[in-house]
Asks: 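What follows is a single structure, and I will ask about it in a moment.
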Amino acid sequence: MTFDINENEPTVSITVVGASGDLAKKKIFPALFALYYEDCLPQQFTIYGYARSKMTDADLRNMVSKTLTCRIDKRENCTEKMEQFLKKCFYHSGQYDSPENFAELDQKLKEHEGGRVSNRLFYLSIPPNIFIDSVRCASLSASSGNGWTRVIVEKPFGRDSESSAALTKALKQYLEEDQIFRIDHYLGKELVENLSVLRFSNLIFEPLWSRQYIRNVQLIFSEDFGTEGRGGYFDNYGIIRDIMQNHLLQILALFAMETPVSLDAEDIRNEKVKVLRSMRPLQLENMVVGQYKSHTKGGVTYPAYTDDKTVPDDSLTPTFAAAALFIDNARWDGVPFLMKAGKALHNKRAEIRVQFRHVPGNLYNQNFGTDLDRATNELVIRVQPDEAIYLKINNKVPGLGMRLDRSNLNLHYAARYSKEIPDAYERLLLDAVEGERRLFIRSDELDAAWALFTPLLKELEEKKIIPEYYPYGSRGPVGAHYLAAKYNVRWGDGVDQ
Amino acid sequence: MASQFGYCSSSSTTFTPSSFKNETHLSSRFNIVPRKSHSSTSISLIRLRIRPRKHFQLKSSSGHPLNAVSLQDGTAGVPLAKNDMEPQGKEESLPFSQSENVGPHLSITIVGASGDLAKKKIFPALFALYYEDWLPENFIVFGYARTKMTDEELRNMISRTLTCRIDQRENCEDKMDRFLKRCFYHSGQYDSEEHFAELNRKLQEKEAGKLSNRLFYLSIPPNIFVNVVKCASLRASSTSGWTRVIVEKPFGRDSESSGELTRCLKLYLTEDQIFRIDHYLGKELVENLSVLRFSNLVFEPLWSRNYIRNVQLIFSEDFGTEGRGGYFDNYGIIRDIMQNHLLQILALFAMETPVSLDAEDIRNEKVKVLRSMRPLQLEDVAVGQYKGHSKGGKSYPAYTDDPTVPNNSLTPTFAAAALFINNARWDGVPFLMKAGKALHTKRAEIRVQFRHVPGNLYKRNFGTDLDKATNDLVLRVQPDEAIYLKINNKVPGLGMRLDRSDLNLLYRARYSREIPDAYERLLLDAVEGERRLFIRSDELDAAWALFTPLLKELEQKKIVPELYPYGSRGPVGAHYLAAKHNVRWGDLSGEDS
């Protein structure tokens with residue numbers, strides 16, 4: 001990646017709308033700095049923070065510098081690089097719904113662009129209720145006159161089919177489909193990116209990738225903390241919208257899709273949409289919801305979800321959910337895809353587990369006891385923490401006699417790759433700058449995703465389904481086990497460690 | 001014709017066919033016990049082995065008063081045991097475990113006890129088995145050789161080579177003393193029936209009238225195999241239990257001599273008394289090969305010409321004959337390594353799923369593979385011999401510098417071969433073998449190279465030769481036992497760069513226990529009558545049939561081996577042979593060291 005120093009080289013102006021927010025401070029500015037540090041950004045770039053707070057450029061730089069970190073493997077010149085980076089950061093204070101304020105921003109951007117071809121990227125790091133206002137103002141008053149203008153939007157993309165469609169419709173009043181970059185930061189995770197590489201560049205996996213060999217697939221997400229005083233936003237959405245309908249479903253689609261014609265964004269997204277559209281909308285009986293309650297352990301008391309001051313006392317919002325999904329196509333007919341997501345559980349992890357069928361007519365049956373399904377092969381892709389891929393195989397325990405156990409064929413990233421793995425936001429920001437849409441969600445994908453979850457979500461709310469309570473820090477409600485048992489599945493994450 | 005009688009001593013011809021019949025009948029009668037209960041033993045054996053130490057105790061708690069008595073009081077057990085064994089009809093109804101329960105006596109005789117193999121491998125293996133409580137309660141070990149020695153001298157000699165498993169050093173001294181007390185020595189000629197009769201008397205003394213099984217381990221040169229078998233069989237067979245004989249390679253040097261050896265052995269032994277050892281089959285990862293294939297869903301669908309591009313069986317040693325080339329020169333690397341060790345692994349690798357894990361079922365499948373193979377052609381083989389080499393001021397000798405090797409020897413110390421199995425599963429898949437001495441590394445491994453991904457989406461990440469980025473499954477038999485699967489993986493970071501990483505199972509990291517030596521496993525199997533890892537006569541015939549024409553041609557045409565420097569990667573001819581079949585040796589690709 002080399003960039004010639006050229007007067008005619010286009011400039012890129014990145015405007016972080018909502019620059020004083022948490023996400024901007026913790027993720028976006030550090031990601032931009034990392035890209036800059038690694039020379040991934042074009043030579044000519046400017047970063048603008050935009051928010052309502054009154055701040056000077058120096059104030060912004062001060063704020064940003066507190067959260068910037070350098071890649072641990074290349075600390076040299078870090079301070080110097082940081083100073084250079086901060087010199088390219090500016091701030092403009094304005095209202096999110098004011099075309100005038102955005103026009104002022106436009107003026108400032110033009111100054112920096114100095115008459116070159118200018119591309120502009122807006123990152124909307126703001127609450128959903130002001131999405132449209134900002135898009136309208138930015139599009140009308142601060143679009144690039146001679147280059148591209150792209151807008152990155154973060155979840156939530158609505159809270160059901162209708163509101164999502166309304167949002168899309170509103171966005172499209174001001175933007176073309178190819179200007180909208182809907183970010184799902186899970187798609188920027190290293191191992192999610194690697195999923196397609198594993199499937200499509202290795203001969204040994206693809207033959208196994210179907211109902212003929214795969215018994216079930218598990219998509220597991222857990223956090224070991226609760227809302228911790230920030231439940232206001234969450235309470236309106238719940239874990240299903242916050243994690244399942246987007247992150248886990250996206251991974252599922254990537255996992256299950258047919259081989260795309262090419263690696264082009266449109267080809268991949270076409271295949272993902274096909275998977276989503278082949279899926280049965282979720283039924284209430286295929287879902288278990290839970291909410292954490294307080295728990296005292298070792299003298300420390302952990303709060304219940306409803307103890308959070310920003311959460312109503314009678315909230316029924318699920319902080320845990322498990323679901324069984326099915327893809328009614330030739331490849332996956334009858335294979336349960338189980339999802340599980342929860343807050344305030346005993347550990348923090350995200351992983352994909354593929355459980356294979358048992359060996360038909362296994363010669364070693366007598367070594368396995370009565371339940372053959374407990375000794376099957378399993379492929380585990382651990383997205384976080386400690387990225388790893390491992391394949392559980394049955395192996396002879398060395399020694400005299402014939403005792404079998406399950407060992408792992410293991411690829412532990414920390415052991416194999418010394419480089420630090422970049423944050424998902426770095427990859428996604430870079431892709432947006434480069435116009436690579438593979439990891440962003442297209443409007444029809446989003447529609448299909450909502451179509452699967454909306455009926456269920458409505459039913460949960462209308463019927464006021466009471467979540468099953470589980471103690472803070474536990475393994476979640478036992479209901480998840482019963483749901484799994486119904487489809488002859490055993491959660492794989494309970495077995496390890 | 002003269003060579004056909006090479007193995008049988010002249011005295012053997014004095015026996016009339018009927019007299020053989022009587023002898024073999026006698027010995028086979030006592031083989032009925034393990035054989036008839038065969039189907040039940042194979043199951044219980046596996047179960048039994050899971051709980052080694054409790055072996056006998058468990059039985060005593062199974063509620064048979066008969067057994068309880070025999071265990072608590074050894075002498076009381078004797079008559080009961082006899083009663084159990086003698087009436088044939090009754091015996092069949094007895095479950096195997098119960099008859100074992102009375103604790104039959106086991107006598108292991110190492111014929112050639114003063115030899116190298118006995119000292120380095122057999123006695124230590126027996127001690128390890130004893131240490132880990134795998135041997136029956138009542139056992140003795142007899143050394144037999146021509147050297148005059150006392151029991152004490154034998155013990156002295158053995159004690160120097162005995163080692164304890166590093167992970168369990170406690171009571172080692174103590175255990176060693178107790179083991180040595182069970183070791184005895186008898187000096188005698190290998191062809192003297194009288195001397196074996198003397199041995200028999202000594203054995204009988206120790207056995208004290210108990211039901212006794214006898215295992216003979218022939219650790220002697222092949223030219224006296226048959227003499228010893230004759231004497232041992234006629235004079236020192238067990239009269240109350242089984243008699244088994246373990247023989248080591250070489251099993252002849254071509255189809256004829258091997259056939260003759262088998263014929264001669266069978267004059268005195270029935271097939272199921274003969275335990276032909278191939279110590280490679282006792283290696284942990286070779287044992288694990290079947291487990292991998294048949295107990296994992298993910299491998300079997302890939303195990304055919306549809307997905308496998310080629311299979312490589314690689315053996316290398318980093319030293320030459322080092323003054324011990326006398327035996328080797330008469331055989332060469334093809335007979336010494338390929339025709340037995342590598343071919344056996346190949347058969348296990350390529351066989352169809354057997355009906356069960358029983359020895360006969362597995363060996364039936366192995367024979368089928370061998371019989372489906374094309375006999376080797378001269379053009380499918382590259383042979384080499386190491387020459388002297390100086391490196392870093394140090395000079396390494398040529399093969400022919402070995403004083404025990406003729407100066408004009410053409411014996412190959414290296415060979416590479418391409419073999420093909422003409423059956424539905426493997427048609428067209430090259431199985432490449434490579435074996436050599438005095439190479440740059442010491443290793444034994446099986447490498448499976450898979451085909452390239454058809455219509456690979458990531459093609460442009462791989463350059464022009466798609467076959468260079470295929471999946472490989474590697475089973476490293478030694479050193480550092482490991483299984484790994486090479487996969488294409490994204491290099492973490494921005495952008496899309498792929499490389500090959502390993503899904504890895506390094507035994508040392510996963511299993512803290514020391515892996516037992518192959519000889520321990522094989523000796524134990526012989527004691528337990530588990531024949532899975534031993535080579536049946538028809539297997540041996542089939543194996544020789546593949547190699548004999550080639551070996552004869554090599555010798556008749558006096559094919560000159562390609563010379564390669566001591567400590568090198570072997571002759572380049574191996575690469576050309578591989579290239580001819582579109583294969584690239586996986587061990588020399590530079591990715592693995």
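Below, chains carry the letters A, B, ... as their sequence lines are ordered, and counting in each starts from 1.
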Asks: Grab the two heavy atoms, one from A/Leu409 and one from B/Tyr484, that are nearest each other, plus how far apart they are.
Replies: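 Heavy atoms only, the tightest pair is CD2-CA, 4.5 Å.
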Asks: Atom CG of B/Leu523 and atom CG of A/Leu400: how far apart are they, to the nearest 0.5 Å?
Replies: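 Atom-to-atom, B/Leu523:CG and A/Leu400:CG are 10.5 Å apart.
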Asks: Could you have a look at B/Val355, B/Leu505, B/Asn471, B/Asn306 and say which one has the most heavy-atom pairs with chain A under 4.5 angstrom?
Replies: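 Looking at each option in turn, the highest pair count goes to B/Asn471.
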Asks: Quick one: does any side-chain atom of B/Arg521 pair with a main-chain N or O of A/Gly401 as donor and acceptor, under 3.5 Å?
Replies: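 Such a contact is absent between B/Arg521 side chain and A/Gly401 backbone.
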Asks: Which heavy atom of A/Leu203 sits nearest to which heavy atom of B/Phe450, and what is that distance?
Replies: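 Closest heavy-atom pair between A/Leu203 and B/Phe450: CD2-CB, 3.9 Å.
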Asks: Can you check side chain to side chain contact (heavy atoms under 4.5 Å, CB included) on B/Thr353 and A/Leu363, steps first, answer last?
Replies: CA-CA 8 Å; B/Thr353 312; A/Leu363 286 171; 3.8 Å; yes
Asks: Locate the shortest heavy-atom distance separating B/Val298 from A/Leu391; write the atom from each residue and the value.
Replies: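 Looks like CG2-CD2, 4.3 Å.
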Asks: Rounded to the nearest 0.5 Å, how far apart are OG1 of A/Thr376 and CG of B/Asn296?
Replies: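 The distance works out to 9.5 Å.
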Asks: List the atom of A/Ser201, the atom of B/Asn488, and the distance in Å for their closest heavy-atom pair.
Replies: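 Where A/Ser201 meets B/Asn488 most closely, the heavy atoms are O-ND2, 2.8 Å.
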Asks: Which atom pair, heavy atoms only, marks the closest approach of B/Pro516 to A/Pro398?
Replies: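 That closest heavy-atom pairing would be CD-C, 4.5 Å.
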Asks: Identify which of A/Asn365, A/Val359, A/Asn377 forms the greatest number of heavy-atom pairs closer than 4.5 Å to chain B.
Replies: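 The answer is A/Asn377.
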Asks: Do you know which two heavy atoms are closest between B/Leu297 and A/His358, and how far apart they sit?
Replies: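 Residues B/Leu297 and A/His358, closest heavy atoms: CD1-O, 3.7 Å.
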Asks: Is it true that A/Ser407 and B/Tyr511 share a donor-acceptor pair across their side chains at a distance under 3.5 Å?
Replies: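 The criterion, which ignores hydrogens and geometry beyond distance, is satisfied for A/Ser407 and B/Tyr511.
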Asks: For chain B, which candidate among A/Gln212, A/His412, A/Lys396 shows the most heavy-atom pairs at distances under 4.5 Å?
Replies: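 Option with the top pair count is A/Lys396.
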Asks: Below 4.5 Å, heavy-atom pairs only: which of B/Leu292, B/Leu302, B/Asn489, B/Asn456 has the largest tally toward chain A?
Replies: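 Most pairs with chain A among the choices: B/Asn489.
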Asks: Check each atom of B/Thr470 against the heavy atoms of chain A and say whether the ones under 4.5 Å are side chain, backbone, both or neither.
Replies: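 It is neither, since no heavy atom gets under 4.5 Å.
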Asks: For B/Glu530 and A/Met402: C-alpha separation, side-chain torsions, deciding distance, then whether side chain to side chain contact (heavy atoms under 4.5 Å, CB included) applies.
Replies: CA-CA 12 Å; B/Glu530 169 58 79; A/Met402 177 62 74; over 6 Å; no
Asks: Side chains of A/Leu263 and B/Tyr458, heavy atoms from C-beta outward: is any pair under 4.5 Å?
Replies: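 A side-chain contact exists here, since the closest heavy-atom pair is under 4.5 Å.
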Asks: Sort out for me which of A/Leu411, A/Asn202, A/Asn410 touches chain B most, counting heavy-atom pairs under 4.5 Å.
Replies: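 Option with the greatest count: A/Asn202.
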